[in-house]
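When a ligand or atom number is given, it counts from 1 through the structure's own listing order.
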Amino acid sequence: MVASPAETDPAADEQFRADVRGWLEEHLTGDFAELRGKGGPGREHEAHEARVEWDRHLARHGWTCIGWPEEHGGRGLSLDHQVIFHEEYARANAPARTNHLGEELLGPTLIAFGTPEQQERFLPRIRAVKEFWCQGYSEPGAGSDLANVTTRARPEADEWVIDGQKVWTSFAHQADWCFVLARTEPGSERHRGLSYLLVRMDQPGVEVRPIVQLTGTSEFNEVFFSGALTTVDMVVGGEGNGWKVAMATLGFERGVSTLGQQVGFQRELDALLEVARANGTYDDPVLRDRLARAQVELEVIRLNALRTLAEEQGPQQASISKLLWARWHRTLGELAMQVRGPDSLTTGPGYDLDEWQRLFLFTRADTIYGGSDEIQRNVLAERVLGLPKEPR
Ligand SMILES: Cc1cc2nc3c(=O)[nH]c(=O)nc-3n(C[C@H](O)[C@H](O)[C@H](O)COP(=O)(O)OP(=O)(O)OC[C@H]3O[C@@H](n4cnc5c(N)ncnc54)[C@H](O)[C@@H]3O)c2cc1C
């Protein structure tokens, strides 16, 4: 969630940066020290329970939901300070957060569209990292073309009865609740007649089947709804307004936390440079050229992010930023394989991948999720450059 940018005050920014850095140094100690660098894409299985504890520790000290308005329990921090927090968090190599979907996607959506009862019921438990969420949008026939959603919900007494299938549902196996895009108006088409429902996962009508990924881990799932129930008051933004609410959630998805990610990218590149120096590939002029290019491109991503901060958000910033970082990160995974040479082709016993192999395999997904590269280019072509729409 992005609070409105405050007047810039470099001294206050530096003080805030020092506070965050100091707090992390003081608290990422003891048992928590072992969590440094744990978790993240392709490695979500690492120390999950301990990372939840760390997140709850952050919550107790007011470091979750820092951009939410104060009346909803957040800190109402300015955009600048949120970015500083995420930069320092990445710099400290603090563990990957476990409640991203609740904090960054559903929470801001409920703040914008939820009823006071929904806000009161759900926001405190997201902030305290007590309830986990998953995002039930994609279906076998509705990914890039999300308006094709066929999961349906019909009213019965004071409940909605939900039938259908979702797919690629990240963290569904750990989630308590799912925000589900479902067709509530029979016979409706495309973006009309959809509603945004909040559905409890732990019930007989919901079945979660993990999907094993190239990394050997299962971070996403198929989710089957067969007569799943939720009460009538669990519609966000009103019946039939699901498309508008779902799009707003997508807007929050590439929120400010992703602006801190380039610090994490720099750490990965630095570590790869170490590998290259150690195994001699740094002296190969072709590979050295590619490593230098990666550094230059990362600087471009950083400058683009700063420009994004300075401008009003529009579709172009989100799409350009996604295109830049997704391709950069996927290329880094490929570069890591080249730097490591034949070592990258073998695994430990039982498909025991190392961090570079995981990076290579998981970054294949970067150009797909959150809107594929092709879809970002369509957005730029049609909505920003005004080129003719592609035939449907
Ligand atoms: C790691 C990961 C996590 C995910 N987590 C979630 C989640 O938690 N919840 C959720 O709901 N979804 C999730 N997704 C799903 C994700 O949103 C979809 O994979 C994505 O929207 C693409 O949809 P699709 O897989 O159905 O591919 P398709 O839409 O079938 O696309 C297949 C290919 O065709 C291209 N294509 C499609 N349409 C066009 C077009 N009009 N013009 C040009 N090219 C086109 C695409 O770019 C892609 O290359 C996740 C995906 C991944 C990889």
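Each of L250, L181, L106 was evaluated against Q135; a single residue qualifies, L250, per the side chain to side chain contact (heavy atoms under 4.5 Å, CB included) test. When each of E207, E139, E222 is checked for a side chain to side chain donor-acceptor pair (under 3.5 Å) with Q165, only E222 meets the rule.
For ligand 1, the protein residues within 4.0 angstrom (heavy atoms only) are Q135, Y137, S138, G143, S144, W168, T169, S170, F220, F362, A365, I368, Y369, S372, E374, I375, N378, E390.
Side-chain contact of Y196 with T249: a donor-acceptor pair under 3.5 Å is present, judged by distance alone.
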Show the numbers, then the answer: is there a ring-ring contact (aromatic ring centres under 6.0 Å, His included) between H72 and W68?
-> CA-CA 7 Å; H72 292 295; W68 290 12; 7.7 Å; no
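For the pair R36/P95, no side-chain contact is recorded, criterion being any heavy-atom separation below 4.5 Å from C-beta on.
Among residues two or more places apart in sequence or in another chain, the ring-ring contact (aromatic ring centres under 6.0 Å, His included) test is passed with W160 by none.
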